[in-house]
Amino acid sequence: MPDAAHQIAQLIRGVDRIVPEAEFRQKLERSLKTGRPLRVKYGIDPTGIDVHLGHTVPLRKLRQFQELGHTAVVIIGNYTALVGDPSGRDETRSRLTAPQVEANARDYLKQVGRIIDLDHAEVHHNGDWFSRFTFLQVLELMRGMTLGQISAREDFAKRIAAEKPVFLHECLYPLMQGWDSVEIKADVELGGTEQLFSLLVARDLQQAKGQEPQVAMTMPILVGTDGTRRMGKSLGNYIGVAEPAEAMFGKVMSIPDEPMRAYFTLLTELPLSDVDHLLADGTNPRDAKEALGKAIVAQYHGADAADQAAAEFRRRASGADPDVIPDVTLDPAQLDANGGIPAFVLVKELGLEVSTSSARRLIAQGGVTIGPDREIVTDPRTIIVVTDGLVVRAGKRKIARARLGG
RNA sequence: GGGUGGAUACCCAAGCGGCCAAAGGGGCCAGACUGUAAAUCUGGUGGCAAUGCCUUCGCAGGUUCGAAUCCUGCUCCACCCA
């Protein structure tokens, strides 16, 4: 194990806050002296199915702890998922059923395994203990917090001010999360900035049970591909860890320039001095973004795939067609005697648009080009004579090659 | 239990008898521009082999030549008082 100073230097990268910082230092030093690794907790609620780069920020931190010899403890919040984390929410989360949560949990773990080493991690489901809770225990747990504390929380306070509902079960969420820490005797808990409140609730509960309280380590919230709002599935601005290399790379390239530094810091291992260099004035931000994209994609798909994705992106950006163009077989019955078909029907049949109405619109706006010469079609009713292998492009991203069945 | 205010397209939100496939904003799509983006500008954003037709304003009925708009019942939601 590297010494405490080294560990701290490494662990502090990208971290928002450590509360309380002195305790963290003490815990680390003691761990080194006694050889007993720290128990580092990270909880994830299986509410959706896509783990995205936003989730990987604390997960990558967890991985760093692992690499330094500490114990990663992953909590699958199958019970908390039934409640729904109110953090950062301005409305109540929609309700999930137990089987949904079950299925999600399995899927999640698979994706989480892309970031941390699950073979050397502890994985718990908080349903293991919460499903056995008696009502009396629930009441006891609720003694841990007052209405004042709860309603002081920013997310609840906002909702109350906006006359939006706050349900009682949501108030229980931080207590449940805190109890998880008691169950697994956490030394450190990781979470996003907005989790600080919940992470600190655990300290009280642990102390009440005679345990040494955990240290909260919060990570900044990663902004999504729109560059402003937090990355999230519902906002449609996320990059999923399970996405194919090219899609992942393309999405990284589509972020605005401003959040690049945060991405480098939180999502890559690149030395920060190198990052400074890449982002220095006078350099082309595209090159920096390309380096960022490669570094991220390589983590999930390998360096070769990352390079290929980058090359492919350059090709597309220069206007060339992609390497692989999907074939779509046309039903010959759609064609007239001369092999012709109206442009808007063609676009729909090739699956480039979902409805004839939208196909008409796209064509009328000059978004459709046909064949090697990229002939622009602007009248939706233009009859296109289809030959086998005809390439049709719709907008910047969609393309298909027509195949005549036969 | 009492009171009040709501439910409109992907989201927010206007409309309160015909001029409504429904303002405005956001998002998204396309085009122009570019350093990959972003920003900006322009256009589009229910469906249909389509100068017209069909379905859509919580649900079910009703009034009317005509209903997102008026009436009745229902469902759901929130807030306030207790």
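In what follows, every chain begins at residue 1, and chains take the letters A, B, ... in the order their sequences are listed.
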### Query
Can you tell me how far P of B/rU36 sits from CD of A/E246, to the nearest Å?
18 Å
### A/Q207 atom CD, neighbour heavy-atom count above 12 within 6.0 Å
yes
### Message
If the condition is side chain to side chain contact (heavy atoms under 4.5 Å, CB included), which residues does A/L200 pass it with, not counting sequence neighbours?
### Response
A/V19, A/L196, A/R203, A/A216
### Message
What's the gap between B/rG66 and B/rA32 when it is taken at their C1' atoms, as a whole Å value?
### Response
45 Å
### Query
On a whole-Å scale, what distance lies between the P atoms belonging to B/rC29 and B/rC76?
38 Å
#### Entry: Exceeds 12 heavy-atom contacts within 6.0 angstrom, atom CZ of A/R374
yes
### Query
Is atom CD1 of A/I325 surrounded by more than 12 heavy atoms (other residues, nucleotides or ligands) closer than 6.0 Å?
yes
### Query
When every nucleotide of nucleotides 42-49 of chain B is labelled 5' to 3' by its protein contacts under 4.0 Å (heavy atoms), B for base, S for sugar-phosphate only, - for none, what sequence of letters results?
-BSS-SBB
### Closest-nucleotide ordering on RNA chain B, the 5'-leading residue of A/R229 and A/L362
A/R229
Under 3.5 Å, N/O pairs linking protein and nucleotides 20-23 of chain B:
none

Please tabulate, one pair per line, all N/O donor-acceptor pairs under 3.5 Å involving side-chain atoms of residues 386-393 of chain A, not counting sequence neighbours.
residue : atom : partner : partner atom : Å
A/D388  : OD1  : A/L404  : N            : 2.9
A/D388  : OD2  : A/R403  : NH1          : 3.1
A/R393  : NE   : A/D321  : OD1          : 2.8
A/R393  : NE   : A/D321  : OD2          : 3.4
A/R393  : NH1  : A/T369  : OG1          : 3.1
A/R393  : NH1  : A/G371  : O            : 3.1
A/R393  : NH2  : A/D321  : OD2          : 3.1
A/R393  : NH2  : A/G371  : O            : 3.0

### Query
What integer distance in Å separates A/D226:CG from B/rA38:C1'?
11 Å
### Task
With C1' as the reference atom in both, quote the distance from B/rG44 to B/rG26 in angstrom, rounded to an integer.
16 Å
### Of residues 312-327 of chain A, the positions that come close to RNA chain B - non-hydrogen atoms, cut-off under 4.0 Å
A/F313, A/A317
### Query
Can you tell me how far C1' of B/rC29 sits from CD of A/E353, to the nearest Å?
8 Å
### Task
Rounded to whole angstrom, note down the C1' distance from B/rC11 over to B/rC59.
23 Å
#### Entry: Separation of the P atoms in B/rU4 and B/rC71, to the nearest angstrom
16 Å
#### Entry: A/F133 ring center near A/W179 ring center (under 6.0 Å)
yes
### Task
Would you tell me whether A/K209 and A/Q206 have side-chain atoms, one donor and one acceptor, within less than 3.5 Å of each other?
no
### Query
Does CG belonging to A/L136 count more than 12 external heavy atoms closer than 6.0 Å?
no
### Query
side chain to side chain contact (heavy atoms under 4.5 Å, CB included) with A/R229: which residues, sequence neighbours excluded?
A/D226, A/L235, A/N237
### Task
Starting at atom CG of A/L352, determine the distance to atom P of B/rA30, rounded to an integer number of angstrom.
12 Å
### Task
Could you tell me the separation between the CD atom of A/E258 and the P atom of B/rU36, rounded to a whole number of Å?
16 Å
### C1' gap between B/rG6 and B/rG58, integer Å
11 Å
#### Entry: Contacts of type side chain to side chain contact (heavy atoms under 4.5 Å, CB included), residue A/V252, not counting sequence neighbours
A/I239, A/L292, A/I296
### Query
Parallel, tilted or perpendicular: which fits the ring planes of A/F65 and A/H70, with parallel below 30° and perpendicular above 60°?
perpendicular
### Contiguous Watson-Crick or G-U pair runs (3 or more, under 3.5 Å) in RNA chain B
B:1-7 with B:75-81, B:10-12 with B:24-26, B:27-32 with B:40-45, B:46-48 with B:52-54, B:58-62 with B:70-74
#### Entry: Nucleotide B/rA50, atom C1' - distance to CG of A/D379 in whole Å
13 Å
## Note on the structure
Per side-chain hydrogen bond (donor to acceptor under 3.5 Å, both in side chains), A/D45 is matched among A/N78, A/T80, A/N104, A/N126 by A/T80
### Message
Roughly how many Å apart are B/rA67 and B/rU8, using the C1' atom of each and rounding to a whole number?
### Response
14 Å
### Summary
The side chain to side chain donor-acceptor pair (under 3.5 Å) partners of A/D276 (sequence neighbours excluded) come to A/R261
### Query
What interatomic distance, in whole Å, is found between C1' of B/rG27 and the corresponding atom of B/rG18?
33 Å
### Message
Suppose we screen for ring-ring contact (aromatic ring centres under 6.0 Å, His included). Which residues come up paired with A/H52, at least two apart in sequence or across chains?
### Response
A/H55, A/Y238
### Query
What is the nucleic acid contact for A/G395, judged by heavy atoms within less than 4.0 Å: base, sugar-phosphate only, or nothing?
sugar-phosphate
### Query
Toward the 5' end of RNA chain B, which comes first, A/R397 or A/G250, by nearest nucleotide?
A/R397
### Query
Is it the case that A/Q10 and A/E67 place a side-chain donor and acceptor less than 3.5 Å from each other?
no
### Query
Going by distance alone, is a donor N or O of one side chain under 3.5 Å from an acceptor N or O of the other, for A/R114 and A/Q299?
no
### Task
State which residues pass side chain to side chain donor-acceptor pair (under 3.5 Å) with A/R314; sequence neighbours excluded, sorted by chain then number.
A/E290
### Task
Using whole Å, report how far CD1 of A/I376 lies from C1' of B/rA30.
12 Å
What N/O pairs connect the protein and nucleotides 32-35 of chain B at under 3.5 Å? Give each pair on its own line.
residue : atom : partner : partner atom : Å
B/rG35  : N2   : A/D257  : OD2          : 2.5

